[in-house]
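Owing to the predicted nature of the structure, the values given are computational and were not obtained by experimental measurement. In the text below, chain A, chain B and the rest are named by the order of the sequence lines, each starting its count at 1.
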Amino acid sequence: MNLFNDIRALVVDCLGAMAAEGTLPAGLDTANVTVEPPRDAAHGDMATNAAMVLAKPAGMKPRDIAEALAAKLATDPRVAGAEVAGPGFLNLRLVPTAWQGVVGAALAQGKDFGRASIGAGVKVNVEFVSANPTGPMHVGHTRGAVVGDALASLLDFAGYDVTREYYINDGGAQVDVLARSAFERYREAHGLSPEIAEGLYPGDYLIPVGEALKAKYGDRFLNAPEAEWLPLFREFSTEAMMAMIRDDLAALNVTMDLYSSEKALYGTGKIEAAIDTLRSKGLIYEGVLEPPKGKTPEDWEPREQTLFKSTEHGDDVDRPVKKSDGGWTYFAPDIAYHYDKVQRGFDLLIDIFGADHGGYVKRMKAAVSALSEGRVPLDIKLIQLVKLFKNGEPFKMSKRAGTFVTLRDVVEMVGADVTRFVMLTRKNDAPLDFDFDKVLEQSRDNPVWYVQYAHARVASVLRKAQAAGVDTSDAALAGLDLSSLSDPAELALIRKLADWPRQVEIAARAHEPHRVAGYLTEIAADLHGHWNKGNDTPELRFVQDDLATMATKIALARAVGVVISAGLAILGVTPVEEMR
RNA sequence: GCACCCAUAGCUCAGCUGGAUAGAGCGUUGCCCUCCGAAGGCAAAGGUCAGAGGUUCGAAUCCUCUUGGGUGCGCCA
């Protein structure tokens, strides 16, 4: 149920009728017609730009169209008034029952209120985290994990068919480094002192891996040449790291649908097939790249390489797919992996990358564009840095990982719910400040607390109503006559509820889950504001002496609670019933 | 040198993918607080939306240039 869509449909119907009557030319494109809440509530309940959008193609004055449209709209029972304003805005006022119906719909649909269908029939793949399996997840990964997971939930709520996927970068040189690092811990487990050379991973988290290797292999590799143990140690430690990463994700309540392995692409011919597909389109050639202007690497020398003509698909320079030693560059398996996603039938691909991979965006888009013949869009969301603070001071910690703060550290300090919400309070491409004290603060300027407090207040009045003898089941509340919810303050709160389905669509279309957090903060503020009004105006309180009156007020409170918990569900945050 | 991201109130940031007089929190100032759930409430002040052009009925939003920050730039992922 989306009241704005309903009214927009009404507007489009009226425009169609006007065309049929000859008031408007036939065949006008109404795609740009919007129905939105006006910024200033004094302008009414909803405003449409229809007259202004259509004025030029219709060859008419905006006000003339608006007048005629107003007359048509006014005949609908939901419309209480329609008036032309400004350059040609049409401001609509709806009858109270139209708004009260939103409360009933929220109660009847519960957690599904606001569910949209804009993604119906669209298969989307959200690839996120994809951290190298060389250590525990740190804060940077955490933000990517939360954004990806929440975006996936949001798209699911908007009707998309969503797959959450993790691409394991287990095919490159860094897993050899991991194996060598584990070998040193393996030696350590045998009582030898490890030699953590420059470039190896120094973190303590490999100590148990070394012990496990000792338990599995005894001392047989202690003096063996690297070639004998490297493949075994690589596989063993990669699996150990992935187990740890899965645990980290579980601690954040992130569950992947699929883990795809880079290594598994080798030897299957998939990389060759992907490159051959590009070659068949004339996009692979042997050539020499120009050195970057202004900043030539010191060891630069011209070299002939196998190149992908990504410039044909919007990139700035062509990109190598093979190294000079004949091996694939990291780009090649990535191409194959994305080709695989295209072949699996996805209609939309989304990658969540760290901001330091920004330079990778164009080539990846070029590859997907080429491989899907432009059919499958690839959206890449770059995740900016998280700056940690404690008491306003920059925060550093080195517990188990050596030099960085891990996901585990954060979750243990503030909990998964707080971590997730805070990570979603900013746009993904803006830096985020995360203060361990502020996020736990009980105050107005802590959005997590503020939203949870609103939900707890709703739960509180529900308990009171139930104790007083009101049937507080959603079914009972949804069946009430809500026409007494007619105070301007109550209608304002209901308008906010009505905006929820709209916000879902906007956020889903923009692939921006942080908008949900913003909306929740707003509706929480509205609930608290309404609550405070009750202090001066007892008629507005949710708890009333008259049970029938209380039931209708409770219906409104519960509807707000339903929307808050639906929004929190998208963010992956558990709503609380009381604040303790 | 080139590419991408960013620039909005004193501070931290929203801004509905082009709409009407650009919003919120903190901070500041002034009142109120025997009130469903304390951890406050109401109100005021505060802006050349980095700058300059352009697109159009209309621009913080789109395009171009400039300034100032961040990130990246062949055989590392």
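Annotation: B:rC62 and B:rA45 have their P atoms spaced 31 Å apart (nearest Å). Across the P atoms, B:rC2 and B:rU64 are found 15 Å apart, a figure rounded to whole Å. Atom P of B:rA7 sits at a distance of 16 Å from the matching atom of B:rG69, rounded to the whole Å. Between the P atoms of B:rA14 and B:rG25, the separation comes to 16 Å (whole Å). Nucleotides B:rU56 and B:rG15 have their P atoms positioned 28 Å apart, rounded to a whole Å. Of the P atoms belonging to B:rC65 and B:rA24, the separation is 36 Å, rounded to the nearest Å.
Closest approach to the A:Arg457 side chain among B:rA38, B:rG1, B:rC5 is made by B:rA38 (side chain taken as heavy atoms from C-beta onward). When distances are taken from the side chain of A:Trp531 to each of B:rA77, B:rU71, B:rC36, the shortest belongs to B:rC36. Of the listed nucleotides (B:rC73, B:rC4, B:rA77), B:rA77 has the atom at the smallest distance from the side chain of A:Asn132. Closest to the side chain of A:Asn535, out of B:rC57, B:rC4, B:rC36, is B:rC36.
The pair A:Asp429-A:Lys381 does not count as a salt bridge, with every side-chain nitrogen at least 4.0 angstrom from each carboxylate oxygen. By the 4.0 Å N-to-carboxylate-O rule, A:Lys341 lies too far from A:Glu165 to be salt-bridged with it.
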In the 5'-to-3' direction, what one-character label does each nucleotide of nucleotides 12-24 of chain B receive under the scheme B = base within less than 4.0 Å of a protein heavy atom, S = sugar-phosphate only, - = no such atom? SSSSBS-BB-S--
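If you check the side chains of A:Tyr167 and A:Asp351, you find no donor sitting under 3.5 Å from an acceptor.
When each of A:Lys533 and A:Gln174 is assigned the nucleotide of RNA chain B bearing its nearest heavy atom, the one mapping closer to the 5' terminus is A:Lys533. A residue-by-residue look at A:Val543 and A:Phe331 shows that A:Val543 has its nearest nucleotide of RNA chain B further toward the 5' end.
For A:Tyr360 and B:rA77, a side-chain-to-base donor-acceptor distance below 3.5 Å is absent, hydrogens and geometry of angles not being considered.
Phosphate contact (OP1/OP2 of B:rG74, side-chain N/O of A:Lys323, threshold under 4.0 Å): absent.
Proximity of a side-chain donor or acceptor of A:Thr48 to a complementary backbone N or O of A:Ala50 within less than 3.5 Å is detected.
Separating the CG atom of A:Asn446 from the P atom of B:rA39 is a distance of 15 Å, rounded to the nearest angstrom. The distance between atom CG of A:Leu520 and atom C1' of B:rG25, rounded to the nearest whole Å, is 16 Å.
For the pair A:Arg319/A:Lys309, no side-chain contact is recorded, criterion being any heavy-atom separation below 4.5 Å from C-beta on.
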List the atom pairs, donor and acceptor, that lie under 3.5 Å between side-chain atoms in residues 506-525 of chain A and the rest of the protein, sequence neighbours left out.
residue, atom, partner, partner atom, Å
A:Arg509, NH2, A:Glu505, OE1, 3.2
A:His511, ND1, A:Asp379, OD2, 2.7
A:Glu512, OE1, A:Arg515, NE, 2.8
A:Glu512, OE1, A:Arg515, NH2, 3.0
A:Tyr519, OH, A:Lys496, O, 2.6
A:Thr521, OG1, A:Ala517, O, 2.9
A:Glu522, OE1, A:Lys496, NZ, 2.6

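In terms of heavy atoms, A:Tyr450 sits closest to A:His528 at O-NE2, 3.1 Å.
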